[in-house]
Number of protein chains: 2
Amino acid sequence: MPELDRPAECARHLMPAMDTLELLGGKWKLLIVLGLLYGGKTRFKQLQKSIPGITGKVLSNDLKDLEQNGIITRTVYDTSPITVEYELTPYGRTLEKLILEIREWGMIHRQRILSE
Amino acid sequence: MPELDRPAECARHLMPAMDTLELLGGKWKLLIVLGLLYGGKTRFKQLQKSIPGITGKVLSNDLKDLEQNGIITRTVYDTSPITVEYELTPYGRTLEKLILEIREWGMIHRQRILSE
DNA sequence: CAGGATCCCATAAGATACTG
DNA sequence: CAGTATCTTATGGGATCCTG
């Protein structure tokens with residue numbers, strides 16, 4: 001039996017996971033997507049309020065990043081003052097299962113911590 | 001219809017996700033767990049080779065962290081030189097579904113990127 | 001309202017050398 | 001082999017102020 005081809009193993013097993021980590025990495029991105037999953041189309045300020053602790057700058061940066069990755073869309077309305085709404089794309093919504101799973105595990109983990 | 005109780009919403013929806021992020025956060029922890037999922041009981045050096053790019057220091061730190069969180073066990077064998085093996089705990093294995101899901105999404109994402 | 005511009009800092013992570 | 005110690009750097013993120 002030949003040794004495992006490590007580089008190939010890496011490409012097939014680890015790299016896709018790294019891709020996801022890169023896309024949703026950082027402290028807030030996943031929570032932003034989660035917020036949009038629950039809130040639907042949401043304005044900037046409203047989104048910020050739904051994620052206690054996040055600053056405007058970080059939210060702005062992360063939203064840009066998510067938009068460039070095709071996860072969300074940004075729509076500007078020419079009101080006065082202007083309003084901007086963010087929304088998950090269909091592609092972004094493919095993250096739903098994953099994110100709910102992450103949250104689910106966290107809930108179980110919380111039970112475990114509390115019952116210790 | 002009353003306004004949503006934001007703090008409570010936060011606690012129920014966002015905090016569990018943050019918990020998981022904290023536990024698996026950083027650049028490598030998830031890959032370490034993934035490596036142990038695939039490789040089973042694994043020695044330090046072997047684990048390092050299975051995760052190209054990770055340095056000994058980071059691997060060591062992350063393993064300590066995962067051990068303290070009950071995700072993995074560390075077993076020292078009194079050979080010469082000593083060998084140390086790491087293994088997922090049953091609790092750690094509850095992360096399997098989640099981690100495979102993360103990888104799965106990354107694979108689909110990869111397809112999407114390549115076919116653009 | 002939605003964010004850009006700045007400044008600042010803590011910390012994660014990399015490089016390297018060393019040890020029981 | 002399985003780490004630890006030390007140093008260095010990059011950057012993610014926080015705080016604050018400003019603007020169309």
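Quick note on labels: first sequence line is chain A, next is B, and so on, each numbered from 1.
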- Query: So do B/I72 and B/I32 actually touch side chain to side chain, heavy atoms under 4.5 Å?
  - Reply: no
- In whole angstroms, the gap separating P of C/dA2 from CD1 of A/I51 amounts to 14 Å
- Close residues, residues 70-84 of chain B, relative to DNA chain D [heavy-atom separation under 4.0 Å]: B/R74, B/P81, B/I82, B/T83, B/V84
- Integer-rounded Å distance: C/dC1 P and A/E85 CD: 14 Å
- Can you find a donor-acceptor pair, distance only, under 3.5 Å between B/K57 side chain and C/dG14 base? yes
- Query: Which one, C/dA2, D/dA15, D/dA2, comes nearest to the side chain of B/F44?
  - Reply: D/dA2
- Query: What nucleic acid atoms does A/G56 come within less than 4.0 Å of, heavy atoms only: base, sugar-phosphate, or nothing?
  - Reply: nothing
- Query: Does a nitrogen or oxygen in the side chain of A/S60 sit under 4.0 Å from OP1 or OP2 of C/dA2?
  - Reply: no
- Item | Toward the 5' end of DNA chain D, by each residue's nearest nucleotide, A/G25 or B/N61 | B/N61
- For A/L30 and D/dG12, what is the distance between atoms CG and P respectively, to the nearest whole Å? 17 Å
- Task: Quickly work out the A/E22 CD to D/dG12 C1' distance and round it to whole Å.
- Result: 14 Å
- Atom CD of B/E67 and atom C1' of D/dA2 are separated, to the nearest Å, by 14 Å
- Heavy atoms under 4.0 Å, any strand shown: does A/K64 hit a base, just sugar-phosphate, or nothing? sugar-phosphate
- Just to confirm, is there a sub-4.0 Å distance from OP1 or OP2 of C/dA2 to any side-chain nitrogen or oxygen of A/R43? yes
- Query: Tell me: CG of B/L21 to C1' of D/dG13, nearest whole Å?
  - Reply: 15 Å
- Nearest to the side chain of B/K27, which nucleotide is it out of D/dG13, C/dG3, C/dG14? C/dG14
- Message: List the residues meeting side-chain contact (heavy atoms from CB on, under 4.5 Å) with B/K57, not counting sequence neighbours, and say none if there are none.
- Response: B/T55, B/N61
- Task: Find the distance between CD (A/E22) and NZ (A/K29) and round it off to the nearest 0.5 Å.
- Result: 8.5 Å
- Is a donor on one side and an acceptor on the other found under 3.5 Å between the side chain of B/S115 and the backbone of B/Q111? yes
- Take atom CG of B/L59 and atom P of D/dA2, then tell me their distance rounded to the nearest Å. 10 Å
- Using atom types as modelled and distance alone, determine if a side-chain donor or acceptor of A/T20 lies under 3.5 Å from a backbone N or O of B/G106. yes
- Message: If I take atom NZ in residue A/K45 and atom P in nucleotide C/dG3, what distance separates them, rounded to the nearest angstrom?
- Response: 10 Å
- Message: When you measure from the side-chain N and O atoms of B/Y86 to the phosphate of D/dG3, is any distance below 4.0 Å, counting only OP1 and OP2?
- Response: yes
- Can you tell me how far CG of A/L30 sits from CZ of A/R103, rounded to the nearest 0.5 angstrom? 11.0 Å
- Atom CD1 in A/I71, atom CG in A/D65: separation rounded to 0.5 Å? 9.5 Å
